[in-house]
Protein chains: 2
Amino acid sequence: MKAALDLLRDLGVQPTPQRIAVARFVLRTGRHPTADEVLAHVRRTCPTASRATVYNTLNLLVDRGLLRVQVLRGGRAVYDANTERHHHFIDERTGAIHDVPWHAVTVGGTAALDDFEVRDYQVVMRGRKRKH
Amino acid sequence: MKAALDLLRDLGVQPTPQRIAVARFVLRTGRHPTADEVLAHVRRTCPTASRATVYNTLNLLVDRGLLRVQVLRGGRAVYDANTERHHHFIDERTGAIHDVPWHAVTVGGTAALDDFEVRDYQVVMRGRKRKH
DNA sequence: GTTCGTGCAAACGGTTTGCAACAAT
DNA sequence: ATTGTTGCAAACCGTTTGCACGAAC
């Protein structure tokens, strides 16, 4: 994983402390944080960071394709650093969102739909995470 | 399809004109209306109906299992009278949501996931609706 | 000195809630 | 009389926007 500083430089935006803090956290975590969770984390290293700046930076990363937004649980947007195709599993109990590798699930029949030209798809699963 | 009046009676709630109007529209349409679209329709036969009453009635039908809410396009909730398992296709151009029959698409591998006990799933497809 | 980025606060849009009037029982 | 339902308006919550101050080039 390239350093956040370099990523921001590559985007041609000023690598300010706030942006570095947002990028470092959101691009490295395997979780699917909400904007407020990002804000809380960023404030630990950059206490003056504002909600607006966090949203601005997240939207910037989304626009540049380094991040995906999803609205998997009602209302709140979550940010997903995994930009490769994958599926999602939502834990009924905790609401936690987990990535499911693309090849772990097979989907058939989308090409045979008469009415729809499917360009992309994902499987959204719900259930209980197993404790192993 | 049972009459809206009887459905409401079965739920044990008073079948008021507003509730009948909401139930009649939302349970019969094949579309996936937002709350505001329901309100607009309901106002045609029941001009005094308020937004709050529409929301209350929709939530009531959802709680009773006659209706599903989904947040497939960011921000707005849509109400889906199809309570049987099915998939969804979202038109990239119009944002329209279409139901895809359960058997039209096959999904494999969910039972073999080690970490997750999948209790339910759906495929969310995006693309362009074909004009035939 | 012009541009870009920040923090704050206000605005926004969809949804929920508090409440007083009112209908049903 | 008690309970349930309505419409209105205000509150709410996540997100976006306007703006004046400050930093970077």
Side-chain angles (χ1 to χ4, degrees), chain A residues 4-5 7-24 26 32-64 67-80 95 97, chain B residues 4-5 7-24 26 32-64 67-80 95 97:
Chain A
L5 183 78
L7 284 168
L8 292 170
R9 278 207 247 266
D10 291 353
L11 295 181
V13 301
Q14 283 182 36
T16 65
Q18 295 86 342
R19 284 176 175 164
I20 294 172
V22 170
R24 276 189 66 90
V26 82
H32 298 71
T34 64
D36 263 16
E37 288 166 353
V38 177
L39 178 62
H41 247 270
V42 163
R43 283 238 163 113
R44 308 211 305 219
T45 61
C46 193
T48 75
S50 71
R51 207 176 303 270
T53 298
V54 168
Y55 273 107
N56 288 339
T57 305
L58 289 171
N59 287 340
L60 188 144
L61 295 174
V62 169
D63 290 345
R64 299 303 219 279
L67 207 55
R68 278 183 142 75
V69 220
Q70 301 242 182
V71 196
L72 295 171
R73 333 192 279 251
R76 317 150 92 94
V78 299
Y79 295 87
D80 188 345
I97 299 167
Chain B
L5 184 78
L7 283 168
L8 291 170
R9 278 207 247 267
D10 290 353
L11 295 180
V13 299
Q14 283 183 36
T16 65
Q18 294 86 341
R19 285 176 174 162
I20 294 172
V22 170
R24 277 189 66 88
V26 82
H32 298 72
T34 63
D36 263 15
E37 288 166 355
V38 176
L39 178 62
H41 248 269
V42 163
R43 282 240 165 111
R44 309 212 302 222
T45 59
C46 192
T48 75
S50 71
R51 207 176 303 271
T53 298
V54 168
Y55 273 107
N56 288 339
T57 305
L58 290 172
N59 289 340
L60 189 143
L61 294 174
V62 170
D63 290 345
R64 300 303 219 276
L67 206 56
R68 278 184 143 75
V69 221
Q70 301 241 185
V71 196
L72 295 171
R73 333 192 279 250
R76 317 151 91 95
V78 299
Y79 296 87
D80 187 347
I97 299 168

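Letters A, B, ... mirror the listed sequences (proteins, then strands); counts begin at 1.
Across the protein-nucleic acid pair, B:L58 atom CG and D:dT6 atom C1' stand 15 Å apart, rounded to whole Å. With rounding to whole Å, B:I20 atom CD1 is found 10 Å from D:dT6 atom P. When rounded to the nearest whole Å, the span between CG of B:L39 and P of D:dT6 equals 13 Å. D:dG4 atom P lies 18 Å from atom CZ of B:R9, rounded to whole Å.
A:T45 has its side chain out of reach of A:R24: every pair of non-hydrogen atoms, C-beta onward, lies at least 4.5 Å apart.
To the nearest 0.5 Å, atom CG of residue B:L8 and atom OG1 of residue B:T16 are 7.5 Å apart.
By the side-chain hydrogen bond (donor to acceptor under 3.5 Å, both in side chains) test, B:N56 pairs with no residue at all, sequence neighbours left out. Listed by chain and residue number, A:D36 satisfy the salt bridge (charged side-chain N to carboxylate O under 4.0 Å, His left out) test with A:R51 (two or more places apart in sequence, or in another chain).
Across every non-hydrogen atom of A:P15 and A:I20, the tightest pair is O-CD1, 3.5 Å.
The backbone N or O of A:T53 sits less than 3.5 Å from a side-chain atom of A:T57, completing a donor-acceptor pair.
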message = One character per nucleotide, please: for nucleotides 6-19 of chain C, 5' to 3', B when the base has a protein heavy atom closer than 4.0 Å, S when only the sugar-phosphate does, - otherwise.
response = SBB-----SBBB--

